[in-house]
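Numbering of residues begins at 1 and proceeds along the displayed sequence. Given the structure is predicted, the values throughout are model-derived calculations rather than measurements.
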Amino acid sequence: MKRLILISIVALLSLAAQAQPTKRRTTTSSAVAQAGNPKAKQTVDRASLLFPTGDEMPSDVVWKRDIYRQLDLDLDKNAPLYYPVEPIGTQCNLFTFIFRLFLTGRVAAYNYKLDGNESFDDKDKITDVKELLDRYYIYYEEEDGKLTVADNDVPSAYVKRYYIKESSYLDQRTGTYNTKVTALCPIMLESDDFGDSASPKPLFWMKYDDLAPYLSRLPVMASNYNNVTNMTADDYFQMNHYEGKIYKTSNLQGQVLADYCKTEEAMTEEQKKIEQQLTDFEQHIWSTQVAADSLDSVAVDEQSAKQKRKKASASTDDASSKSSSLSSTRRSSGSSSGSRKSKSSSSSKSSAVTASARRTRR
């Protein structure tokens with residue numbers, strides 16, 4: 001009896017596990033040991049278990065366009081990613097948040113290469129955290145192999161720009177057109193001793209799907225008029241609330257826009273052209289430039305029929321008016337000829353009377 005009960009419990013547990021959503025049962029590949037201690041035992045990433053992230057982009061989509069944008073945090077739309085510059089209570093900006101994730105080893109970061117292309121291969125993963133901190137002069141302390149960086153030493157005030165990669169794609173299985181952020185790169189803009197802006201320093205690339213479970217727990221204030229933090233950083237990116245200029249697209253030559261746009265005017269025109277191409281493709285999918293359904297076509301046909309009837313009635317009225325004017329002209333001409341005839345007959349009668357009177361006098 002006990003064996004039967006045990007078998008029943010095991011069967012129920014297996015059915016319950018199969019009934020759970022797939023995304024809730026998966027763990028992210030970035031759940032690794034503490035930074036600076038690669039031999040430590042790996043632990044399960046609870047964030048990926050508690051938060052069912054959005055669907056990943058399928059690998060077999062029929063159409064996809066990769067766009068690279070530059071997000072300047074000076075713009076109002078991008079300001080939620082920059083403030084507060086230093087943590088205030090539980091609030092912090094995006095770079096402080098993802099830097100903590102990288103420092104503790106919960107999310108992997110990948111080297112920024114000279115060609116600007118992201119690579120998420122194991123050979124490009126940053127494993128020497130101390131080397132990166134030393135390269136960008138970030139002060140840290142090390143104790144028992146554990147690296148710590150104080151809040152005021154995190155260079156979040158200097159990260160005023162991001163590169164993001166977004167993919168617009170058509171999913172033929174669900175019949176949907178989506179735009180999804182797939183990668184993110186923070187950029188330092190630190191001024192030199194003379195107050196001049198130094199050249200941008202891209203730090204590293206991160207996969208957005210690795211960050212998404214954590215960004216869902218980072219509240220941001222998305223409006224100056226409503227100070228309630230009713231949006232998370234993941235909502236901000238998923239809903240495309242950011243504003244950024246295109247600086248590169250995936251093309252056969254591997255060129256950025258600056259390689260073939262030699263002037264600012266040419267760059268602006270090329271950016272507008274690419275944005276319009278994306279808009280035109282989406283409109284072509286849903287055929288928004290033509291009638292939406294048969295009722296619209298019926299309404300168009302009725303409208304054209306009304307216009308034709310108006311034209312026909314107008315031509316009929318013109319014809320009737322022309323015929324009436326012609327008949328009136330004929331009547332007026334007939335009356336004038338009759339009057340001329342009566343005048344001639346009366347004149348002949350008067351001449352005859354005059355002649356007879358003259359004969360009587362004689």
Side-chain angles (χ1 to χ4, degrees), residues 28 30-36 43-54 71-109 129 132-133 136-144 146-162 164 181 184-191 201 203-204 206-244:
T28 60
S30 61
V32 295
Q34 291 288 330
T43 58
V44 176
D45 187 357
R46 293 188 60 194
S48 61
L49 295 173
L50 297 175
F51 176 70
T53 60
L71 273 58
D72 291 322
L73 303 190
D74 294 333
L75 301 176
D76 285 343
K77 277 196 170 183
N78 303 330
L81 304 179
Y82 186 68
Y83 296 99
V85 178
E86 292 188 5
I88 302 176
T90 58
Q91 293 183 340
C92 63
N93 67 4
L94 178 63
F95 179 73
T96 301
F97 191 75
I98 65 176
F99 182 77
R100 294 295 184 195
L101 294 175
F102 163 67
L103 194 63
T104 55
R106 285 175 285 178
V107 176
V129 180
L132 183 135
L133 298 177
Y136 295 107
Y137 304 102
I138 301 174
Y139 180 76
Y140 63 91
E141 294 181 355
E142 184 177 5
E143 183 178 356
D144 297 332
K146 184 178 180 180
L147 303 176
T148 58
V149 178
D151 288 340
N152 56 355
D153 291 324
V154 177
S156 57
Y158 301 112
V159 178
K160 299 181 180 179
R161 184 179 296 173
Y162 284 90
I164 65 168
V181 178
L184 183 147
C185 173
I187 304 169
M188 288 181 60
L189 295 174
E190 187 176 4
S191 302
K201 299 177 182 177
L203 300 181
F204 45 75
M206 281 185 168
K207 293 176 65 175
Y208 185 82
D209 287 337
D210 291 345
L211 289 170
Y214 302 97
L215 295 182
S216 65
R217 298 183 294 175
L218 176 63
V220 296
M221 186 174 64
S223 173
N224 289 326
Y225 303 102
N226 184 6
N227 301 145
V228 177
T229 55
N230 55 359
M231 178 182 291
T232 66
D234 183 58
D235 296 331
Y236 177 87
F237 284 109
Q238 293 286 354
M239 300 170 66
N240 307 119
H241 275 269
Y242 52 84
E243 179 181 350

Start with the C-alpha distance between Met231 and His241, add both sets of side-chain angles, then the distance that settles side-chain contact (heavy atoms from CB on, under 4.5 Å), and finish with yes or no.
-> CA-CA 11 Å; Met231 178 182 291; His241 275 269; 3.6 Å; yes

Ignoring hydrogens, what is the shortest heavy-atom contact between [X] and [Y]? Give both atom names and the distance.
| X | Y | value |
| --- | --- | --- |
| Pro155 | Ile138 | CG-CD1, 3.8 Å |
| Tyr208 | Ala233 | OH-O, 4.3 Å |
| Leu218 | Cys92 | CD1-O, 3.7 Å |

Residue set satisfying side-chain hydrogen bond (donor to acceptor under 3.5 Å, both in side chains) with Tyr140, at least two apart, ordered chain then number -> Asp134

Got a sec, which residues hit side-chain hydrogen bond (donor to acceptor under 3.5 Å, both in side chains) with Tyr242, two or more places apart in sequence or on another chain?
-> Glu166, Asn240

Under the salt bridge (charged side-chain N to carboxylate O under 4.0 Å, His left out) rule, collect the residues that match up with [X], sequence neighbours excluded.
| X | answer |
| --- | --- |
| Asp153 | none |
| Glu142 | Lys130 |
| Asp151 | Arg100 |

Tyr162 meets the ring-ring contact (aromatic ring centres under 6.0 Å, His included) criterion, sequence neighbours left out, with none

Pairing residues for Tyr158 by the ring-ring contact (aromatic ring centres under 6.0 Å, His included) criterion, not counting sequence neighbours |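 If we apply the ring-ring contact (aromatic ring centres under 6.0 Å, His included) test to Tyr158, skipping adjacent residues, there are no hits.
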
Distance-only criterion, 3.5 Å: show the donor-acceptor pairs between side-chain atoms of residues 82-90 and protein atoms not counting sequence neighbours.
residue, atom, partner, partner atom, Å
Tyr82, OH, Ala157, O, 2.7

Yes or no on side-chain contact (heavy atoms from CB on, under 4.5 Å) for Leu184 and Ile98, after CA distance, side-chain angles and deciding distance?
-> CA-CA 10 Å; Leu184 183 147; Ile98 65 176; 4.0 Å; yes

Tell me, please, which residues at least two apart from Pro80 pass side chain to side chain contact (heavy atoms under 4.5 Å, CB included).
->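 Pro80: side chain to side chain contact (heavy atoms under 4.5 Å, CB included) contacts with Val220, Tyr236.
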
With sequence neighbours left out, the residues meeting side chain to side chain contact (heavy atoms under 4.5 Å, CB included) with Glu141 are Tyr139, Thr148

Could you grab the distance from atom [atom1] of [X] to atom [atom2] of [Y], nearest 0.5 Å is fine?
| X | Y | atom1 | atom2 | value |
| --- | --- | --- | --- | --- |
| Lys146 | Thr104 | NZ | OG1 | 9.0 Å |
| Thr232 | Gln238 | OG1 | CD | 9.0 Å |
| Met188 | Tyr136 | CE | OH | 8.0 Å |
| Arg161 | Leu73 | CZ | CG | 9.0 Å |
| Leu132 | Leu103 | CG | CG | 10.0 Å |

Applying side-chain contact (heavy atoms from CB on, under 4.5 Å), run through Phe102 and Leu203 and close with a yes or a no.
-> CA-CA 12 Å; Phe102 163 67; Leu203 300 181; over 6 Å; no

Run the numbers on Leu101 and Asp210 for side-chain contact (heavy atoms from CB on, under 4.5 Å), then give the verdict.
-> CA-CA 10 Å; Leu101 294 175; Asp210 291 345; over 6 Å; no

Leu94 and Leu215, any side-chain heavy atoms less than 4.5 Å apart |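 In contact.
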
Can any side-chain N or O of Asp72 pair as donor or acceptor with the backbone N or O of Leu75 at less than 3.5 Å?
->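 Flag not set: sc Asp72 to bb Leu75 has no pair under 3.5 Å.
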
